[in-house]
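What follows is a single structure, written as structure tokens, with notes after it.
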Amino acid sequence: MVTLGVRRWETLAESVRGVGKKLNQDWYACEGTGSGDDPLLLAVADGHGSAAHSRSEIGARFAVDRFRGRAELFARAARDCHERGRLTRLMTYARDDFPRALVQDWREEALGHWSRHRPVADTGTPEPRQSEKLLLYGTTLIGAVLTPWLFVAWQIGDGDLAVVEHDGTLSRPLAPAEEDLGDETESLCGKEAWSAVRMHWAPVFDEARTPRLVVLSTDGLSKSFASADGYRQFVAGLDGRLTTEGSEGVRAVLPEWLRQASQYSGDDTTLAAALRHAPTAPAAPPMDTEPKTET
């Protein structure tokens with residue numbers, strides 16, 4: 001039986017404002033230990049920042065906050081995922097229902113904020129359509145939940161989820177088949193945003209094979225490199241530094257790394273990462289063997 005209170009992950013996170021920008025449009029959350037009682041939640045959001053999205057820094061914060069709420073409920077349900085049949089139902093919920101609920105939560109938050117903070121307008125100005133209101137708050141989002149038995153992540157829009165497996169293999173499981181061109185990206189303010197949410201599903205059948213590093217970052221980091229290989233080398237270097245030096249040294253230099261990246265990309269740059277501690281508890285109970293799924 002897994003000891004639910006064991007601390008399994010150590011976290012680090014930082015965000016820097018883009019060069020010449022008045023506001024940092026990014027927001028993030030990084031909390032929990034990854035135990036059954038205290039699941040690890042990671043999230044980064046990147047408000048679009050253009051004139052058409054003039055409240056996007058607020059939208060990014062709403063995205064992270066609403067994800068945290070939904071992720072906590074999901075993690076609570078995942079405590080019993082080793083029961084036969086439970087894992088399949090959880091995957092269906094994570095793939096289909098979770099994105100819809102999250103997008104609906106975000107929209108309600110954004111529209112509520114607009115109603116409380118209506119712009120001053122001349123008499124007779126028509127009420128904006130709902131889609132026009134939501135456009136003001138446009139943002140991307142990447143979020144992850146890690147428990148002793150399950151690792152699930154969701155993404156809409158650009159940014160990166162990088163995973164270093166127990167054996168050092170590095171992957172970007174939510175990278176789109178074709179990278180977004182220029183500054184165009186999917187967004188929570190899109191007409192059917194839930195259909196654009198991608199999911200990474202990875203049950204943990206053997207604790208020793210749990211990923212050792214999970215990294216979420218906004219595209220201000222990946223855009224600072226000339227190619228995807230540069231970003232992969234950054235994550236590999238981060239993994240190496242964390243493995244050999246521990247988190248304290250990396251935490252001290254992380255702000256400077258992100259500032260340098262921001263100077264190259266010109267964008268706000270945010271990173272939230274979790275480093276797994278060496279296993280100290282017995283393996284989790286056996287579960288139905290189901291493959292990892294990305295949708």
Side-chain angles (χ1 to χ4, degrees), residues 9-31 40-51 53-65 67 138-144 153 155 157-164 170 172 174-175 179-180 182-185 187 213-275:
W9 297 85
E10 189 167 2
T11 58
L12 63 157
E14 188 61 61
S15 182
V16 299
R17 186 177 61 189
V19 177
K21 292 198 171 187
K22 295 181 179 180
L23 290 173
N24 186 340
Q25 304 286 336
D26 291 355
W27 198 258
Y28 69 89
C30 192
E31 57 190 45
L40 174 62
L41 307 179
L42 302 173
V44 297
D46 180 2
H48 301 325
S50 65
H53 309 285
S54 59
R55 300 185 181 185
S56 62
E57 77 281 2
I58 301 171
R61 182 167 185 168
F62 289 162
V64 170
D65 288 348
F67 174 81
T139 182
T140 66
L141 175 68
I142 311 172
Q155 178 172 355
D158 53 28
D160 295 273
L161 168 71
V163 180
V164 180
L170 194 158
R172 295 173 59 214
L174 290 178
E179 299 291 346
D180 295 320
D183 292 328
E184 294 296 320
T185 188
S187 171
L213 179 66
V214 176
V215 180
L216 282 63
S217 57
T218 58
D219 71 331
L221 180 58
S222 57
K223 287 194 307 185
S224 69
F225 302 101
S227 68
D229 286 340
Y231 175 77
R232 294 174 67 92
Q233 290 170 12
F234 172 87
V235 175
L238 176 64
D239 174 57
R241 290 280 294 266
L242 287 167
T243 300
T244 59
E245 301 176 18
S247 62
E248 289 308 311
V250 173
R251 189 174 284 109
V253 298
L254 183 59
E256 181 56 31
W257 289 352
L258 297 187
R259 275 193 289 270
Q260 291 179 6
S262 179
Q263 289 175 357
Y264 283 104
S265 68
D267 201 359
D268 305 323
T269 305
T270 301
L271 179 147
L275 171 69

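This is a predicted model, so every value here is computed, not measured.
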Mind checking what makes side-chain contact (heavy atoms from CB on, under 4.5 Å) contact with [X], not counting sequence neighbours?
{"X": "Leu170", "answer": "Val164, Arg232, Val235, Ala236"}
{"X": "Ser50", "answer": "Ala52, His53"}
{"X": "Glu31", "answer": "Leu41, Arg68, Glu72"}
{"X": "Arg259", "answer": "Val16, Pro255, Glu256"}

Do you know the tightest heavy-atom contact between [X] and [Y]?
{"X": "Gly47", "Y": "Ala60", "answer": "N-CB, 3.8 Å"}
{"X": "Asp160", "Y": "Gln155", "answer": "N-NE2, 4.3 Å"}
{"X": "Ala273", "Y": "Leu213", "answer": "CB-CD1, 4.4 Å"}
{"X": "Leu161", "Y": "Ala153", "answer": "CD2-CB, 3.7 Å"}

Roughly how far, to the nearest 0.5 Å, is [atom2] of [Y] from [atom1] of [X]?
{"X": "Ser247", "Y": "Arg241", "atom1": "OG", "atom2": "CZ", "answer": "12.0 Å"}
{"X": "Leu12", "Y": "Glu248", "atom1": "CG", "atom2": "CD", "answer": "9.5 Å"}
{"X": "Thr244", "Y": "Asp239", "atom1": "OG1", "atom2": "CG", "answer": "9.0 Å"}
{"X": "Arg251", "Y": "Glu10", "atom1": "CZ", "atom2": "CD", "answer": "5.5 Å"}
{"X": "Leu238", "Y": "Gln233", "atom1": "CG", "atom2": "CD", "answer": "13.5 Å"}
{"X": "Ile142", "Y": "Phe67", "atom1": "CD1", "atom2": "CZ", "answer": "10.5 Å"}

Results of side chain to side chain donor-acceptor pair (under 3.5 Å) for Thr218 - residues two or more places apart only: Asp26
All side chain to side chain donor-acceptor pair (under 3.5 Å) counterparts of Asp46, not counting sequence neighbours: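 None.
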Side chain Thr139, main chain Ala45, donor-acceptor under 3.5 Å: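 No.
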Asp268 (side chain) donor-acceptor with Gly18 (main chain) under 3.5 angstrom: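 Such a contact is found between Asp268 side chain and Gly18 backbone.
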Pair Ser15-Thr270, side-chain donor/acceptor within less than 3.5 Å: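 There is such a pair (donor and acceptor under 3.5 Å, judged by atom type) between the side chains of Ser15 and Thr270.
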Exceeds 12 heavy-atom contacts within 6.0 angstrom, atom OH of Tyr264: no
Minimum side-chain heavy-atom gap His48-Thr140 below 4.5 Å: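 Touching, per the 4.5 Å side-chain cut-off.
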Any Leu271 side-chain heavy atom under 4.5 Å of Phe234 side chain: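 A side-chain contact under 4.5 Å exists here.
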